[in-house]
Amino acid sequence: MENDTPKVRWLGIKCPRCRRELNSWDEKVSRALGYLKYSVCEDCICKEYGSGKDELRLTMSRYFGVRPCFGI
């Protein structure tokens with residue numbers, strides 16, 4: 001069975017809050033949550049919403065239909 005989930009890509013862009021390099025998953029989550037000017041990393045989003053990565057990923061999948069990229 002093939003995995004049709006896109007693989008994570010590193011974007012060469014830094015998170016404006018913590019300076020960590022962003023990847024395609026960070027960008028997807030940022031857009032879904034309305035970060036229109038700048039994408040923010042998953043860690044900073046988790047801190048802002050007071051949730052863990054697993055909880056954030058489950059929420060993104062359930063309510064926004066956004067699934068994590070393969071390989072993160």
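One is the number of the first residue; the rest follow in order along the sequence.
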Would you please name every residue forming a salt bridge (charged side-chain N to carboxylate O under 4.0 Å, His left out) with Arg20, sequence neighbours left out?
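Per chain and number, Arg20 pairs via salt bridge (charged side-chain N to carboxylate O under 4.0 Å, His left out) with Asp26, Asp43.
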Under the rule for salt bridge (charged side-chain N to carboxylate O under 4.0 Å, His left out), what residues qualify as partners of Glu48, not counting sequence neighbours?
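For Glu48 the salt bridge (charged side-chain N to carboxylate O under 4.0 Å, His left out) partners, ignoring immediate neighbours, are Arg17.
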Just to verify, what does Leu58 make a side-chain contact (heavy atoms from CB on, under 4.5 Å) with, not counting sequence neighbours?
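Leu58: side-chain contact (heavy atoms from CB on, under 4.5 Å) contacts with Arg62.
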Donor-acceptor under 3.5 Å (Glu21 side chain, Gly12 main chain):
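It does hold such a pair.
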Side-chain donor or acceptor of Ser30 paired with backbone N/O of Ser39 under 3.5 Å
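No; judged by distance alone, with no hydrogens or angles, the pair does not exist.
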Where do Tyr35 and Ile45 land on the side chain to side chain contact (heavy atoms under 4.5 Å, CB included) test, with the steps shown first?
CA-CA 10 Å; Tyr35 292 84; Ile45 290 171; 4.1 Å; yes
Around Lys47, counting heavy atoms of other residues, nucleotides and ligands shown, do more than 12 lie under 6.0 Å from its NZ?
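For Lys47, atom NZ is not crowded (no more than 12 foreign heavy atoms under 6.0 Å).
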Report the distance from atom [atom1] of [X] to atom [atom2] of [Y], rounding to the nearest 0.5 Å.
{"X": "Ile13", "Y": "Tyr38", "atom1": "CD1", "atom2": "OH", "answer": "12.0 Å"}
{"X": "Arg57", "Y": "Trp25", "atom1": "CZ", "atom2": "CH2", "answer": "7.0 Å"}
{"X": "Ser51", "Y": "Glu42", "atom1": "OG", "atom2": "CD", "answer": "8.5 Å"}

Closest heavy-atom pair and its distance - Cys41, Cys15:
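Closest approach of Cys41 to Cys15: N-SG, 3.5 Å.
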Leu22 and Trp10: which non-hydrogen atoms are nearest, and at how many Å?
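Leu22 and Trp10 have their closest heavy atoms at O-CE3, 3.7 Å.
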Would you say Tyr63 ends up clustered with Met60 if hydrophobic residues are merged whenever their side chains have heavy atoms under 4.5 Å apart, either directly or through other cluster members?
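Yes; tracing contacts between hydrophobic side chains, which count when under 4.5 Å, links both residues.
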Would Leu33 end up clustered with Leu11 when hydrophobic side chains under 4.5 Å apart are linked, directly or stepwise?
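No, because Leu33 and Leu11 fall into different hydrophobic clusters, even though each may have its own neighbours under 4.5 Å.
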